[in-house]
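Every chain is numbered from 1, with letters handed out A, B, ... down the list of sequences.
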Amino acid sequence: MVINVTRIEKTLRLEHQKMRAIVPQRKVMDIQDYSVDDFKASGNNLLDEWRVKRLSEYLTYKFPIWRRTGLKNLNLPETMPYKGLETIDLEGISLLEEMDFEGSDRKFVLLADVFSSSGDYIAVENDTTLIINDLSHYDNTLIDIKSGELNLVRIVDKPFFVGNLRIKVRKEAKLNMYNLYIGSSNDDILISNVFIDSEENSKTLIKDFYFGGKINTGYVSVRLNGENTFADVRPYYLGNSKTVIDILYLVRFYKPNSYGNVDAKGVLADESKVVFRGIMDILSGAKEVEAHQSNHATLISLKAKVDAIPSLMVDENDVVASHAASSSPIDDNMVFYLMSRGIPKEDAQNMIVRGVFETLKDELKKYNLEGVVENALNSVVV
Amino acid sequence: MSDLHELLYELKKKEDFELKVNVPAALRLPAGLNRKLVYEISEAKNEPAWMTEHRLKSFEIFEKWHEPDWGVTRDELDLSKIVPYVKPNANKTTTWEEVPEEIKKAFDKLGIPEAERKYLAGVGAQFDSEMIYKNIKDELKKLGVIFIDIESAVKEYPELVKEYFMKLVPPTDNKYAALHGALWSGGTFLYVPKGVKVPLPLQSYFLFGNPGGGQFEHTVIIADEGSEVTYIEGCTAPKYDVVNLHVGTVEVYVKKGAKLKYLTMQNWSKNMFNLEIKRAIAEDDAVMTWVSGSFGSYKTMVYPATILKGDNSVSENVSISFAGPGQHIDTGSKVIHIGKNTRSTVDARSISIGGGWSFYRGLLKIMENAKHSKASVSCTGLMIDNKSKSDTVPIIEVYNTDSDVGHEAKIGRIKDEQIFYLMSRGLNELEAKGLIVKGFIQPVVQELPFEYAIELNRLVDMEIESSIG
């Protein structure tokens, strides 16, 4: 088998013909980092060869400072024995090379690649349901959906988490995924990087839920790399206390006739903050694609904050591309309507907040996991 | 050839937009940036000591500042090769008869003296680094309206200038603001007293006549309480085969209850780096309107900003930017809501054609105390062909719960059905596209005085014809 040439899927493509735009500089923190001595062999030479290459790149970077998120410092835990992709074969390594990506920051992607202590390499050929809830603080998972449909639920509830999830959705295959990112204390830091590479006629449905922690960040990049690919991505966020939820959703269209939709919504209480970054990127040649993106934040506290950066980047004119973003308090008209039906004001407001997450909760019932969202809601509204 | 083609051909032959100006300069300071040169500019202008000091301090800040780490790349821009000060061989005057023939001819071509007679309340004309003409109708002068070049204001109204000059855009703002603070030359000082409503627009026109030159004009406008005024800024230059630089700065103070409309029509030649800073501050009940048309330049970075400091203040921002072959146009808007019940709208439209790249970059910030504010941002990108690129990256920061904020953006092309329909009515393809584009830029066009609207439509026809014709 020929190993494909590495292609890093960058987050921003700031080039056009001979023109370039300046890429903003990373600001970095000076903290105690891992060294070569922290490297633990996996027992799979093929994998370790790849990991050592990753390690050499890892050591060239410092950890980033994220101003909007408030990430200024990190205390890295002791590394644990390697676990993750140890069952990987040549085909899997080839996939890893093909599915390299920048993530929310390259340093975190490399960190999980090199030092993971949980994860798996999974090939799916028939309709499968997977629930992953035994993640360690560094996780690295690679899934290859060769055919059929994968229903995947991932629960991330570690106090400190940095994880990579790469999924290849091959021709005609389908991914239906739920990620529940739950911080349980005010010190938790969750940093998740997800990269989906989808081929023609495939279908990707994602619903993510973010709640709790000090910093709860999710990066999801979907590469629509075939004709007639479909991706519908729905991030939900519920902020309380001083949580900062920082999410980036990128859908990049390479081929014609594809459809991509990112529809984010959430509720912010207390002094919480959400940073929503959405990028719909349409390459030249991706004709007749449809790209939509929206974000709606409902603020129920005077001190809640929203930063929204919904971007469209378009190199092809034969497309339908739009985005919308809004933030507002609870809609008075909705409250009024419910009150006119005899529901007290406070109950009406709570119903509206709960209503935002209703679809997600319904879908999670299938996996008996609606309680995760319900518990989160109970700690924010009555 | 259709009538439109013939018209365009004729227009091109006339070279209305390809000005050739050949006027020897009275003083041309050498290229290169250093303290001595900054001092020499101040000396050439015979400035008071405080201004010399301001320039030197700005230069110190410039030397310490790093390049902004965003926007267009500026590799081709070698600041050490820019000629920062070219004094035209003309005295400042208030009558066109005294303007040297060659320069007057250039402004004639642009229709400035004629426009002044017909529909402007006052006109300023800058050639290279200095304002060479400034005039305002007598009745406005009597009402206390001050409309003079900024060098004269430094000498005649030092206290007013000290109070407002580079207070909204301080030299510490960024590297180019510091550069501007050191090298500024020419520009307008406009003061409209309390309650005075200026019935016709005032205009300044900036013309560039020197290869490799930099233009650093500074504009300060103060619309005092309850006053109203419209100001038009026009920019153009003949094309040279070396890089020219324009770092203009505009500071607008809209006092309580005042209304100010600032229109810009920028058609710099395609060798120009256009890095402008435009900022306004609006007090209680004030209304600030930016209307911008960005057609020319090689690379542009300009983001007109309004700080809504006062309660019930309003900001409107309407813009159209045009990125043709080889052009990288990075424009946007900035609105910061500080006061209560503030309102803002942004309607940003861009056209990409012939491989051009238009990039919308915006910031909308609603501060904690800006209760009951409303803001909407709308970005629309029209991609005429498949070689071009259109990006939109708005940043929206909402820091209070009582405000309604909405944003929407769309990027697309002219649909075949639209062209088909117009062609079925007897237009050819080019005319059909031209008509659709003109419809697209209508919100900007309708803000312009009639004669300017016609010029803008002509300009659009020419740009489209030269890009896809």
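- Both the backbone and the side chain of A:Gln25 come within less than 4.5 Å of a heavy atom of chain B.
- Rounded to the nearest 0.5 angstrom, A:Ser311 OG and B:Phe359 CZ are separated by 7.0 Å.
- Of the atoms belonging to A:Ser301, it is backbone heavy atoms, and not side-chain ones, that fall under 4.5 Å from chain B.
- Between A:Arg68 and B:Glu397 a salt bridge is recorded (basic side-chain N to carboxylate O distance below 4.0 Å).
- Neither the backbone nor the side chain of B:Asp416 comes within less than 4.5 Å of any heavy atom of chain A.
- At a 4.5 Å heavy-atom cutoff, A:Lys18 makes no contact with chain B through either its backbone or its side chain.
- Looking at B:Ser403, only its backbone comes within 4.5 Å of chain A, counting heavy atoms on both sides.
- A:Leu14 places none of its side-chain heavy atoms less than 4.5 Å from the side chain of B:Trp70.
- For chain A, the nearby part of B:Gln327 is the backbone; its heavy atoms alone come within less than 4.5 Å.
- Contact check on A:Asp315 versus B:Lys387 returns no salt bridge, with no Lys/Arg side-chain nitrogen under 4.0 Å from an Asp/Glu carboxylate oxygen.
- More than 12 heavy-atom neighbours from other residues, nucleotides or ligands sit within 6.0 angstrom of NZ on B:Lys371.
- For A:His16 and B:His328, the distance between ring centers is not under 6.0 angstrom.
- B:Lys389 places a side-chain heavy atom less than 4.5 Å from the side chain of A:Met313.
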